[in-house]
Amino acid sequence: MTGGAGLGHHGGNRCARNDPAAHPPQRAIPRGPTTIQIETFFPYRLAVTAEAFSRQLVAVYGREYGLSREEWRLLFLLEDAGSLNSLELSNRTSLDKVQVSRAAARLEGKGLITREILGSDRRLRDFTITPAGEALFLRAFRDVERRAAEILDAMDPDDLAAFERGVAALDQAMARVTQPGSGRGAAFPRSRGAAGAG
């Protein structure tokens, strides 16, 4: 009696395992309508194109004039303003304070800028471009401008005009929707002082 009951118990399990109704097929997990193609993702395309354009200019001032990208940006701003402090430089370029400090130290070592401590706060420095720095920058700028024009002139004039309007519109749109204080985006330099081309 006991053995029969045991056989019946195990036999029932085998039947349950073989019965499709006991194990209905799992429902497929719904997936998104399409697979993301990074090559067509606009933010990616914009970043890649901007970096490629920047590298064309880096090849000019880096190879011919021995300037890093950070050094170039600082010289660009200082040549325009004449003199800026470390806080102003950080606010007017995408570089952080450490990058500004290191680039400034290299430029000072080359005799292209001077640095002075402002007041009692030794962390705040005033940066001024030297005559040698201005002369070097202006020579480099002419070559950079020539290379940039060579690339842009290869565009259809209508496309170039539309592109320039698009860049300005994108800058304005970001300014409208960016509120770092409330957690919406991060602060960024506006076009005019956005660290120079490259």
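No donor-acceptor pair under 3.5 Å is formed between the side chain of S101 and the backbone N or O of K97. Q99 places a side-chain N or O within donor-acceptor distance of the main-chain N or O of D96, the cut-off being under 3.5 Å. No donor-acceptor pair closer than 3.5 Å links the side chain of E64 to the backbone N or O of Y61. At distances below 3.5 Å, at least one donor-acceptor pair connects side-chain atoms of R63 with backbone N or O atoms of A59. With hydrogens and angles ignored, the 3.5 Å screen pairs a side-chain donor or acceptor of T178 with a backbone N or O of M174. Judged purely by atom type and a 3.5 angstrom limit, K110 has no side-chain atom pairing as donor or acceptor with the backbone of L67. In this structure, the side chain of T128 does not engage the main chain of T114 through any donor-acceptor pair within 3.5 Å.
Between the side chains of R106 and S68, at least one donor N or O lies within less than 3.5 Å of an accepting N or O.
Following chains of ILVMFWY side-chain contacts shorter than 4.5 Å, one cannot reach L57 starting from V48, and the two form parts of different hydrophobic clusters. With hydrophobic clusters built from ILVMFWY side chains whose heavy atoms lie under 4.5 angstrom apart, F141 shares a cluster with L152. Transitive grouping of hydrophobic side chains (ILVMFWY, heavy atoms separated by less than 4.5 Å) keeps V167 and Y44 in distinct clusters.
The ring of W72 has its center no closer than 6.0 angstrom to the ring center of Y65.
Contact check for F127 versus L78: side-chain heavy atoms found under the 4.5 Å cut-off. Between L77 and L84, some side-chain heavy-atom pair lies under the 4.5 Å cut-off.
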- prompt: Yes or no on side-chain contact (heavy atoms from CB on, under 4.5 Å) for V144 and R147, after CA distance, side-chain angles and deciding distance?
  reply: CA-CA 5 Å; V144 168; R147 178 55 178 157; 5.9 Å; no
task: Run the numbers on D80 and R92 for side-chain contact (heavy atoms from CB on, under 4.5 Å), then give the verdict.
output: CA-CA 12 Å; D80 178 60; R92 294 178 65 175; 3.8 Å; yes
- prompt: Under the side-chain contact (heavy atoms from CB on, under 4.5 Å) criterion, do F42 and L46 qualify, and how do the steps go?
  reply: CA-CA 6 Å; F42 179 73; L46 180 63; 4.1 Å; yes
Derivation and outcome, side-chain contact (heavy atoms from CB on, under 4.5 Å), residues R115 and D126: CA-CA 6 Å; R115 295 190 297 173; D126 187 66; over 6 Å; no
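The environment of E116 atom CD is sparse: at most 12 non-hydrogen atoms of other residues, nucleotides or ligands sit within 6.0 angstrom.
Closest non-hydrogen pair, F137 versus E79, comes out as CD2-CG, 3.4 Å. Minimum heavy-atom separation, M155 to F163: CE-CB, 4.1 Å. Nearest heavy atom pair, residue A132 against residue G111, reads CB-O, 3.9 Å. In plain terms, the two heavy atoms of E70 and A103 that are nearest each other are CB-CB, 3.7 Å.
In this structure, CG on N85 lies 13.5 Å from CD1 on I117, to the nearest 0.5 angstrom. Here the straight-line distance linking atom CD of E71 with atom CZ of R69 works out to 12.5 Å at 0.5 Å rounding. Distance check, rounded to the nearest 0.5 Å: CG of L138 to CD of E145 gives 11.0 Å. Of the inter-residue distances, the one linking T93 atom OG1 with R73 atom CZ reads 5.5 Å to the nearest 0.5 angstrom. Atom CG of L74 is separated from atom CD of E108 by 12.0 Å, given to the nearest 0.5 angstrom.
Using a 4.0 Å cut-off between a side-chain N of Lys or Arg and a carboxylate O of Asp or Glu, E150 and R146 do not qualify as a salt bridge.
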